[in-house]
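Both counts, for ligands and for their atoms, begin at 1 and track the order of listing. All values reported here derive from a predicted model rather than from experimental measurement.
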Amino acid sequence: MVLSTGYSKIRTAVFISGVGSNLKSLIKFSKTNKSPISIDFIVSNNSKAKGLNYAKIYRIKKKVLNFKNKNFSESELLSILEINKIEMICLAGFMKILSKNFIKKFKGKILNIHPSLLPKYKGLNTHERVLNNKEKYSGCTVHFVNSRLDSGKIIIQKKVKILKNETKASLAKKILILEHKLYPKAILKVFNL
Ligand code: GRF
């Protein structure tokens, strides 16, 4: 990994689109002594994202960009991130696909969390597809982001057993709880901590 902690924490931005429960767990983790990162910026493509409330609660800067014109939004975003000295990005339920050009600018420094055991079940409606296929296990994965959807190098995964009467909602709920622990673990691993 190109990142090095040096003496201060790595300035990190979290990109969200919705509830932001992973954002909350990352903020809490970032405030612990063992965390190599600080959360200094929140980005959302959705002005109604509930997770944006954490910007206020934890006094973190935020920016909403609608991504209707991806080139335009991304170039604005790149300059905002530069001004704010952001070195690393954690995608957490961010529903937009970043361009090759954007990813290149943060090569090896963008992480994502996905609610499946990648490389299985990339993309949307993960839990539904897992249940339809009568899988015995599912889980979640933190990986580096490359230009192909949910396809970058895997950092860490956590597996969970699917129960007999499992529903989409029950599976989503129990995987989300695992996600909250897995993302901080992935960050420690990335920094060899
Ligand atoms: C998580 O399940 C994450 O894996 C997926 O979207 C969901 C986001 O949840 N990419 P939250 O907004 O962090 O609560």
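Aromatic ring pairs are classed by plane angle as parallel below 30°, tilted from 30° to 60° and perpendicular above 60°; the pair F102 and F106 is parallel.
The local environment of NZ in K24 is sparse, with at most 12 non-hydrogen atoms from other residues, nucleotides or ligands closer than 6.0 Å.
Where the criterion is an N or O separation shorter than 3.5 Å, residue side chain and backbone included, L176 fails it with respect to ligand 1.
The single protein non-hydrogen atom nearest to atom 14 (O) of ligand 1 is S21 OG, 2.5 Å, given as residue, atom name and distance. Residue, atom and distance of the protein heavy atom nearest to atom 7 (C) of ligand 1 are G93 CA, 4.2 Å. Of all protein heavy atoms, the one closest to atom 13 (O) of ligand 1 is N22 N, 2.9 Å. The single protein non-hydrogen atom nearest to atom 10 (N) of ligand 1 is I113 O, 3.3 Å, given as residue, atom name and distance. The nearest heavy-atom contact from the protein to atom 4 (O) of ligand 1 is E179 OE1, 2.7 Å. In terms of protein heavy-atom proximity, atom 12 (O) of ligand 1 is closest to G20 N, 2.8 Å.
In summary, the side chains of N46 and S17 do not present any donor paired with an acceptor at a separation below 3.5 Å, with no hydrogens or angles considered. Remark: the T32 side chain and the S35 side chain contain no N/O donor-acceptor pair separated by less than 3.5 Å.
A cation-pi arrangement is found for K159 relative to Y137, the charged atom lying closer than 6.0 Å to the ring centre and inside a 45° cone about the ring normal.
Remark: side-chain polar atoms of T141 are paired, donor with acceptor, to backbone N or O of L118 under 3.5 angstrom.
Those atoms of ligand 1 that come under 4.0 Å of a heavy atom in V19, given as number and element, are 12 (O), 14 (O).
Smallest separation of non-hydrogen atoms from L182 and C140: CD2-O, 3.5 Å.
The heavy atom nearest to atom 5 (C) of ligand 1, out of those in G51, S25, P115, C140, is found in P115.
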